[in-house]
Amino acid sequence: MRRYLLPEYIVERDDLKCTRCKICVEQCTYGVHNYNAIKNMIESRSELCVDCLRCVLFCPVNAITVRRNPNVYKENYHWTYEFITSIKRQADTGSALLSGMGCDKQNLTYWDKLLLNACQVTNPPIDPIREPIEIRTYLGGKPKMLEFEFNDEDITLGTKLGPCLCAETPILFAAMSYGALNLNVHEALARAAVDCGTYFNCGEGGLHPSLYKYSDHTIVQVASGRFGVDLKYLSVGAAIEIKIGQGAKPGIGGHLPGEKVSDDIAMVRMIPAGTDAISPAPHHDIYSIEDLRQLIYALKETVEYTKPVAVKIAAVHNSAAIASGIVRAGADIIVLDGVRGATGAAPKAIRDNVGIPIELAVASVDQRLRDEGVRDEVSLIASGGIRSSADVVKAVALGADAVYIGTAALIAMGCTLCQKCYTGKCPWGIATTDPEISKRLNPEDAYKRVVNLVKAWSIEIKEMLGAMGMDAIESLRGNREQLRGVGLTDRELEILGVKMAGE
Amino acid sequence: MNDIHGCVKRFEVDRAIIDAKGMHYFELNALLRELSADGIRDVEVYNVYGQRYIGTGLKTPLNIRIYGVPGNDLGAFMDGQRIFVYGNAQDGCGNTMNDGLIIVHGDSGDVAGYGMRGGKIFVKGDAGFRVGVHMKEYGGKRPTIIIGGNVGDFLGEYMSGGIILVLNLSRKEGGGKRSMKFVGVGMHGGTIYIRGEVVHVAKEARVVETDEHDLRLISELVRDFSTCFSLGMSIDEIMSNEFVKVVPASSRPYGKLYG
């Protein structure tokens, strides 16, 4: 059957500049560029291009340009290019459409409609270059009050504190599994977590034995497939996260296709090589908050109450009520993953249409837990499309304790958001387990880039705090008075719990 | 440690008895860990009334004999210990078990052996729904579940490895028979053997004839099973019935879903 699909991009080559070095041919994992020896020319098949820009950035003479195909369907606000293309693709294959990375739709980002406060005249700002600003963040349940014992001159804390994670910055690395990513990426993230004094989440695909040495800075995940979960795995992590859902695909399980389950991935997941690694949408032993409590306490018993247990859910319509239940179930940390949350592979229909923006979810969950007087029993991590230090600061002001970054860390390593992670051919060597392509990501280089990103954001967070006259991030947590909205309806402002700019 | 908390009696060097009456699971499990770390290898626990997670988080070999009804998640994440239950087990026994043995002299609840990767679960009586859900195998580890009686629906759901054997011994002639629907739903690995017939197999699984190799394996499993319980039937009698073998239709059930 002839395919009726327009090439999405056009690859152009300045033939006068091209030296026939063939770097583009080697670098393209999608087979766009081919050398024609007879003509002594490099020919490009535009229809295969995914706009990853690998060839553009690696061409030593800047001879290549990739641009959107100017041949568009007749202008139509309803039947856009995306819908027409999707229909044509499905008419060809009869399959559900897959997509990589997070939802890319308009009108779902509230960060850009929120503005921060700063001190002027009456309440002087703090200069972070001269004065220390505390951004260390403890994640876990906190006691309602502290009791002290006074013995002569000695004062000791009488309250028994629960286990907490101590992050030197409110930025943690989100769960991304070995299988979706390769070992170089995991190693880079683990080392960056150690350097930045924060945590990396190994995701649901187990933890490679070579990374156990970073386990003090690792959060281990338990999902419905229970891949790689054994006593040792649970014991080595700094915390355990139960994955109920993720923002990119709420209500949908994970699925690593059999062809990606290599011997090494099979070893870490503890399953036979070559079979589909299926993480079903539900945990088959969890149908209620009481059942969730059973798993939380099974894990707590297993590690003798020495580590905090987190529960990750996708931000959905009734997140606030669910979060309230999760607190009662005994979780120490709640992770909320918004509609922008990314993934290696999600059904496109789900990715783009299911879930709610993280900003609204954090605000409503924080408010609900405060109203019920249980906010101090858990920490809240916001996740899903955090793009900058300002997003982090705004998330904290809306009520989060910390954020997870996934996409941002991958972009730091080289990702260009071409959204083709599910093909396993990531030209940047990130979302691939192909041993040859994986070599493209130098873990040393990637680790340094991620450390730089977190350091840079941490400086900016301190600057923004200083501008607001705060010397500790604790003072900003849930402090929505520091936020103002622009271009939002009264109802949106009400749910976010912020005033209109000018008020 | 002869009489800690007034509820533990220690015999010889490596045996102890616990009276768990009125004890919270938190206390009971801490006690088991303490005894196990202190060199106890055999412990009898009396008056067990629903305490959860028994056998979880133990790091040394231990035989636990439970008199009463242990609570949910018995032996969760267990790694090599042996549990004998003289009574019924509840839901989630052997959850994500890595290695070890759970022998239940009564019935067991739902989701027995969820995500189980190694070891054995033998239940003399009946078991609930979703037995062996997401059971897997890897390398030298091949978990086994044997149910003496019958089971509920969704047997071997998402099963990706290991062996489940259902003997249907408790089935009464002309009554008390459960339907056992959706056997092997989402199954993509492992083997299920059922003594008698199967009425409803999910589309991801298929029924195949047992061969000589299967029957030899079943007979060995039945022998193991019969050494643990008095079944009132000889191995030959049990083996004289037909066995059905259920295997996955594909190791890639989701292979063609997405394009």
Side-chain angles (χ1 to χ4, degrees), chain A residues 89-90 92-99 222-235 253 255-259 261 266-280 283-287 290-291 293-295 297-305 345-348 422, chain B residues 25-26 28-30 32-33 52-59 71-80 91-92 95-99 110-111 114-118 129-130 133-139 141 154 157-158 160-161 186-190 248 250-259:
Chain A
R89 273 172 68 190
Q90 296 193 290
D92 278 348
T93 61
S95 304
L97 294 174
L98 267 189
S99 189
V222 174
S224 62
R226 303 283 203 270
F227 298 119
V229 177
D230 64 6
L231 196 54
K232 191 173 177 203
Y233 173 81
L234 297 173
S235 307
H255 166 220
L256 190 68
E259 63 261 24
V261 182
M267 182 263 291
V268 175
R269 294 198 175 213
M270 303 179 195
I271 53 167
T275 59
D276 279 0
I278 299 165
S279 230
H283 287 244
H284 283 111
D285 54 349
I286 300 179
Y287 286 82
E290 290 75 16
D291 289 348
R293 184 180 176 84
Q294 184 177 314
L295 181 59
Y297 276 87
L299 294 166
K300 288 189 173 189
E301 273 291 330
T302 304
V303 298
E304 298 176 47
Y305 300 87
K348 187 168 159 27
Y422 59 93
Chain B
Y25 69 72
F26 179 83
L28 175 58
N29 290 320
L32 286 170
R33 285 193 290 264
R52 292 179 171 184
Y53 319 120
I54 296 174
T56 294
L58 295 170
K59 294 182 180 70
N72 292 354
D73 274 352
L74 172 74
F77 308 105
M78 197 167 75
D79 202 13
D91 295 343
N95 182 358
T96 324
M97 180 166 141
N98 196 48
D99 203 356
D110 296 339
V111 289
Y114 180 169
M116 179 185 181
R117 185 185 304 115
F129 293 86
R130 301 204 146 109
V133 53
H134 227 303
M135 194 170 167
K136 37 177 75 76
E137 65 187 49
Y138 172 67
K141 284 192 183 298
F154 306 107
E157 186 174 16
Y158 288 110
S160 65
M187 186 178 185
H188 51 291
S250 155
S251 67
R252 302 284 323 276
Y254 289 175
K256 288 191 177 134
L257 192 57
Y258 300 110

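Chain naming here is simple, since letters A, B, ... match the order of the sequence lines and numbering starts at 1 in each. Only heavy atoms go into these numbers, but all of them, side chains included; no hydrogens, no water, no symmetry mates.
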Chemist: Under the salt bridge (Lys or Arg N to Asp or Glu O under 4.0 Å) test, which residues partner Glu259(A), sequence neighbours left out?
Modeler: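 Checked Glu259(A) against salt bridge (Lys or Arg N to Asp or Glu O under 4.0 Å); matches are Arg252(B).
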Chemist: With a 3.5 Å distance limit and no angle check, can you tell me whether Tyr53(B) reaches the backbone of Gln294(A) through a side-chain donor-acceptor pair?
Modeler: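 Pair found, side chain donor or acceptor close to backbone of Gln294(A).
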Chemist: Can you give me the closest heavy-atom contact between Tyr287(A) and Arg130(B), atom names plus distance?
Modeler: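 Tyr287(A) and Arg130(B) have their closest heavy atoms at OH-NH1, 2.7 Å.
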Chemist: Give, for atom NZ of Lys141(B) and atom CG of Asp230(A), the distance between the pair rounded to the nearest 0.5 Å.
Modeler: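 Output value for this atom pair is 8.5 Å.
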Chemist: Tell me, please, which residues at least two apart from Arg117(B) pass salt bridge (Lys or Arg N to Asp or Glu O under 4.0 Å).
Modeler: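 Expected list: none.
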Chemist: Counting heavy-atom pairs closer than 4.5 Å to chain A, which one of Thr96(B), Asp99(B), Val133(B), Val111(B) comes out on top?
Modeler: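 Option with the top pair count is Thr96(B).
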Chemist: Would you check if Arg52(B) and Tyr297(A) make a side-chain contact, meaning some heavy-atom pair closer than 4.5 Å?
Modeler: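 No - every pair of side-chain heavy atoms lies 4.5 Å or more apart.
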Chemist: Count the heavy-atom pairs under 4.5 Å between each of Gly258(A), Gly274(A), Ala277(A) and chain B, then report the option with the highest count.
Modeler: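 Among Gly258(A), Gly274(A), Ala277(A), the one with the most close pairs to chain B is Gly258(A).
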Chemist: I'd like to know whether Arg226(A) forms a side chain to side chain contact (heavy atoms under 4.5 Å, CB included) with Tyr114(B), so could you lay out the CA-CA distance, the side-chain angles of the two residues, the decisive distance to 0.1 Å, and finally the verdict.
Modeler: CA-CA 9 Å; Arg226(A) 303 283 203 270; Tyr114(B) 180 169; 3.7 Å; yes
Chemist: Where do Leu58(B) and Leu231(A) come nearest, in terms of heavy atoms and distance?
Modeler: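 Smallest heavy-atom distance, with atoms named: O-CD2, 3.5 Å.
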Chemist: In terms of heavy-atom pairs under 4.5 Å with chain A, which of Asp91(B), Asn72(B), Asp79(B), Asn98(B) leads?
Modeler: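 Top option by heavy-atom pairs under 4.5 Å: Asn72(B).
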Chemist: So which residue, Met78(B), Glu157(B), Met97(B), ends up with the most heavy-atom pairs under 4.5 Å with chain A?
Modeler: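 Most pairs with chain A among the choices: Glu157(B).
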Chemist: For a quick test of reading the model, state the closest non-hydrogen atom pair linking Thr56(B) to Thr302(A) and the distance between them.
Modeler: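 What the structure gives for the nearest pair is CG2-OG1, 2.7 Å.
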Chemist: When the ring planes of His134(B) and Phe227(A) are compared, do they come out parallel, tilted or perpendicular, using 30° and 60° as the limits?
Modeler: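 Answer is perpendicular, since the angle exceeds 60°.
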Chemist: Of the backbone (N, CA, C, O) and the side chain (C-beta and beyond), which part of Phe154(B) lies under 4.5 Å from a heavy atom of chain A, both, or neither?
Modeler: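 Interface part for Phe154(B): neither.
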Chemist: Within this structure, what is the CG-NZ distance for the pair Asn29(B) and Lys300(A), rounded to the nearest 0.5 Å?
Modeler: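 One gets 14.5 Å once the value is rounded to the nearest 0.5 Å.
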Chemist: Is it the backbone or the side chain of Asn95(B) that comes under 4.5 Å from a heavy atom of chain A, or both, or neither?
Modeler: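 For Asn95(B), the side chain is the part near chain A, not the backbone.
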Chemist: Kindly give the heavy-atom pair with the smallest separation between Tyr158(B) and His284(A), and that separation in Å.
Modeler: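 Shortest heavy-atom separation between Tyr158(B) and His284(A) comes out as CE1-CE1, 3.1 Å.
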Chemist: Is it the case that more than 12 heavy atoms not belonging to Lys232(A) sit under 6.0 Å from its NZ atom?
Modeler: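 Incorrect, the count does not exceed 12.
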Chemist: Tell me, for Tyr305(A) versus chain B, whether the close heavy atoms (under 4.5 Å) come from the side chain, the backbone, both or neither.
Modeler: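 Only the side chain of Tyr305(A) comes within 4.5 Å of chain B.
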Chemist: Counting only non-hydrogen atoms closer than 4.5 Å, does Asp73(B) touch chain A with its backbone (N, CA, C, O), its side chain (CB onward), both, or neither?
Modeler: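 For Asp73(B), the contact with chain A is made by backbone and side chain together.
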Chemist: CZ of Arg269(A) to NZ of Lys136(B): how many Å apart, nearest 0.5 Å?
Modeler: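 Taking CZ in Arg269(A) and NZ in Lys136(B), the distance rounds to 10.5 Å.
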